[in-house]
**Q** 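The structure that follows is given in the form of structure tokens.
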There are 2 protein chains.
Amino acid sequence: MKVEEALQILKDHGFKYTGKREEMIRICAAEKRYLSAKDIMERIKELYPSLSFDTVYRNISTFVELGILEETELDGEGKFRLACSTDGHHHHHVICTECGKTSSLPGCPMNIMSAVPDDFQVTGHKFEVYGTCKDCVAHTN
Amino acid sequence: MKVEEALQILKDHGFKYTGKREEMIRICAAEKRYLSAKDIMERIKELYPSLSFDTVYRNISTFVELGILEETELDGEGKFRLACSTDGHHHHHVICTECGKTSSLPGCPMNIMSAVPDDFQVTGHKFEVYGTCKDCVAHTN
DNA sequence: CCTCAAATCGGATTTGTTCTGATTTAATCC
DNA sequence: GGATTAAATCAGAACAAATCCGATTTGAGG
């Protein structure tokens with residue numbers, strides 16, 4: 001997803017444009033990596049030194065609800081990255097547990113889903129591969 | 001996994017036997033369901049009314065490290081269930097997001113893993129299907 | 001039994017996140 | 001363009017899950 005698309009989605013849903021929102025999206029768009037709320041805070045401080053965490057958290061959850069950001073959970077805290085599903089097919093990621101960097105995996109093991117017992121109404125699924133990326137392996141040596 | 005197996009694992013690793021540990025394992029063994037630390041606390045209060053969180057949390061993480069319990073995260077809190085991988089093949093679950101109830105899925109989409117880029121050293125993976133179980137669907141109607 | 005490390009207690013503390021009420025600001029309408 | 005208004009932001013309090021701490025108890029081995 002591109003920054004402009006994300007801003008359009010916000011507009012289409014009647015949300016106001018603010019420089020802070022755009023900057024948050026830009027920060028997420030800048031890296032193929034999951035960022036924590038704290039990471040985003042840190043980066044946004046350059047442009048908006050007095051941004052409160054409330055704003056960051058509230059905007060993040062708006063973005064997640066609108067499908068602008070994807071969420072996962074690492075080390076007991078929420079991590080976020082710009083959604084990329086709209087770029088093409090539904091797919092999943094390998095995630096570096098050290099730095100959050102991601103890489104796409106082709107396809108989705110949805111075929112298994114046909115084996116889900118009838119007494120469950122499926123609402124979603126998560127498939128994530130965890131690992132250590134080249135850079136982080138190097139660092140720990 | 002059976003309660004006796006779990007206790008044996010503890011013994012083999014030089015951990016002491018305590019009634020509280022056994023009871024925690026029994027509680028988890030009693031249901032094919034993910035329980036939160038709070039759930040476990042509640043249930044154990046019948047036998048041990050004055051158990052402290054610390055004990056529950058510390059024991060839970062010991063159990064997870066030893067592979068006695070499996071961990072996941074729902075609604076921003078850790079949930080746990082007795083590991084069942086040792087019962088047979090490596091597999092995954094459908095999880096009811098309302099009550100934590102689980103049902104097994106056959107196989108694992110590890111075949112996709114061959115597509116993981118070389119610059120990632122894989123350490124683990126998670127595949128979970130989420131849904132609402134029959135009972136919980138009925139409840140919300 | 002005695003000893004000692006491990007386990008537990010109880011409460012304080014930390015950390016990530018959400019809430020609240022007051023203030024500011026972007027979009028709309030005259 | 002200026003007034004209006006609902007949304008966005010702020011600052012800090014409040015919250016909940018989880019961890020840490022020093023003091024006390026307890027299981028296992030000698």
Side-chain angles (χ1 to χ4, degrees), chain A residues 6-27 34-66 68-69 71-81 97 100, chain B residues 6-27 34-66 68-69 71-81 97 100:
Chain A
L7 293 173
Q8 191 58 47
I9 292 175
L10 279 171
K11 197 168 191 176
D12 292 345
H13 284 79
F15 288 93
K16 288 184 180 169
Y17 170 87
T18 72
K20 288 160 192 175
R21 280 182 173 157
E22 175 170 346
E23 184 59 15
M24 282 181 65
I25 292 168
R26 284 198 184 284
I27 287 169
Y34 277 97
L35 296 175
S36 66
K38 213 187 303 169
D39 291 333
I40 296 174
M41 284 278 277
E42 242 169 60
R43 283 162 218 223
I44 210 168
K45 283 271 166 75
E46 288 183 27
L47 256 88
Y48 301 97
S50 69
L51 192 74
S52 77
F53 29 92
D54 184 61
T55 302
V56 172
Y57 277 109
R58 209 167 7 70
N59 281 338
I60 284 176
S61 49
T62 301
F63 296 163
V64 170
E65 269 166 40
L66 296 177
I68 292 170
L69 292 185
E71 179 173 18
T72 192
E73 199 265 334
L74 248 57
D75 298 322
E77 65 178 346
K79 307 264 188 164
F80 310 89
R81 53 158 293 156
T97 49
Chain B
L7 293 174
Q8 190 58 46
I9 293 175
L10 280 171
K11 198 168 190 177
D12 291 347
H13 285 80
F15 288 94
K16 287 184 183 171
Y17 170 87
T18 72
K20 289 160 192 176
R21 280 182 174 158
E22 175 170 348
E23 184 57 16
M24 283 182 64
I25 293 170
R26 282 198 185 285
I27 286 168
Y34 276 96
L35 297 174
S36 66
K38 213 187 301 169
D39 292 333
I40 296 174
M41 283 279 276
E42 244 170 58
R43 283 160 217 224
I44 211 168
K45 283 270 164 77
E46 290 184 25
L47 257 89
Y48 301 97
S50 69
L51 193 74
S52 78
F53 325 119
D54 185 62
T55 302
V56 173
Y57 277 111
R58 206 167 10 70
N59 281 339
I60 284 175
S61 52
T62 301
F63 296 163
V64 170
E65 267 167 41
L66 295 177
I68 293 171
L69 292 185
E71 179 173 18
T72 191
E73 201 263 334
L74 249 57
D75 299 321
E77 65 178 346
K79 308 264 190 166
F80 310 89
R81 56 159 290 159
T97 48

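In what follows, every chain begins at residue 1, and chains take the letters A, B, ... in the order their sequences are listed.
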**Q** So, does A:S52 get its side chain near the phosphate of D:dC10, meaning an N or O under 4.0 Å from OP1 or OP2?
**A**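 For A:S52, the contact criterion (side-chain N or O under 4.0 Å from OP1 or OP2 of D:dC10) is met.
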
**Q** Is the ring pair B:F15/B:H13 parallel, tilted or perpendicular, if the boundaries are 30 and 60 degrees?
**A** tilted

**Q** Heavy-atom contacts under 4.0 Å between residues 36-49 of chain A and DNA chain D, which residues?
**A** none

**Q** What is the distance from CZ of B:R58 to P of C:dC9, rounded to the nearest Å?
**A**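 Result: 9 Å.
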
**Q** Is it true that the side chains of A:N59 and A:T62 contain a donor and an acceptor less than 3.5 Å apart?
**A**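 No, A:T62 and A:N59 have no side-chain donor paired with an acceptor closer than 3.5 Å.
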
**Q** In whole Å, what is the span from the CZ atom of B:F53 to the C1' atom of D:dC21?
**A**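 Taking atom C1' of D:dC21 as the reference, CZ of B:F53 is at 15 Å.
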
**Q** In Å and rounded to the nearest 0.5 Å, what is the CG to CG distance from A:L10 to A:L66?
**A** 6.0 Å

**Q** Please give me the minimum heavy-atom distance between B:K16 and B:R21, naming the atom from each residue.
**A**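 Between these two residues, the closest heavy atoms are O-NH1, 3.0 Å.
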
**Q** Evaluate the side-chain proximity of B:I60 to B:M24: yes if any heavy-atom separation is below 4.5 Å, no if none is.
**A**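 When only atoms from C-beta onward are counted, B:I60 and B:M24 do touch, with a gap below 4.5 Å.
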
**Q** What is the distance, to the nearest angstrom, from the CG atom on A:L74 to the P atom on C:dT17?
**A** 12 Å

**Q** When the distance from CG of A:D54 to P of D:dC15 is rounded to whole Å, what number comes out?
**A**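 Distance check: A:D54 CG to D:dC15 P gives 16 Å.
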
**Q** Could you tell me the separation between the CG atom of A:D75 and the C1' atom of D:dT19, rounded to a whole number of Å?
**A**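 So the two atoms are 15 Å apart, to the nearest Å.
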
**Q** Is the shortest side-chain N/O distance from A:Y57 to OP1 or OP2 of C:dT17 below 4.0 Å?
**A**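 Yes, A:Y57 has a side-chain N/O under 4.0 Å of OP1/OP2 on C:dT17.
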
**Q** Crowded around A:Y17 OH? As in, over 12 foreign heavy atoms under 6.0 Å?
**A** yes

**Q** Got a sec? Which of residues 6-27 of chain B come in under 4.0 Å of DNA chain D, heavy atoms?
**A**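 Nucleic-acid contacts, sorted: B:K16, B:Y17.
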
**Q** Decide yes or no on side chain to side chain contact (heavy atoms under 4.5 Å, CB included) for B:L35 and B:K79, but give the supporting numbers first.
**A** CA-CA 5 Å; B:L35 297 174; B:K79 308 264 190 166; over 6 Å; no

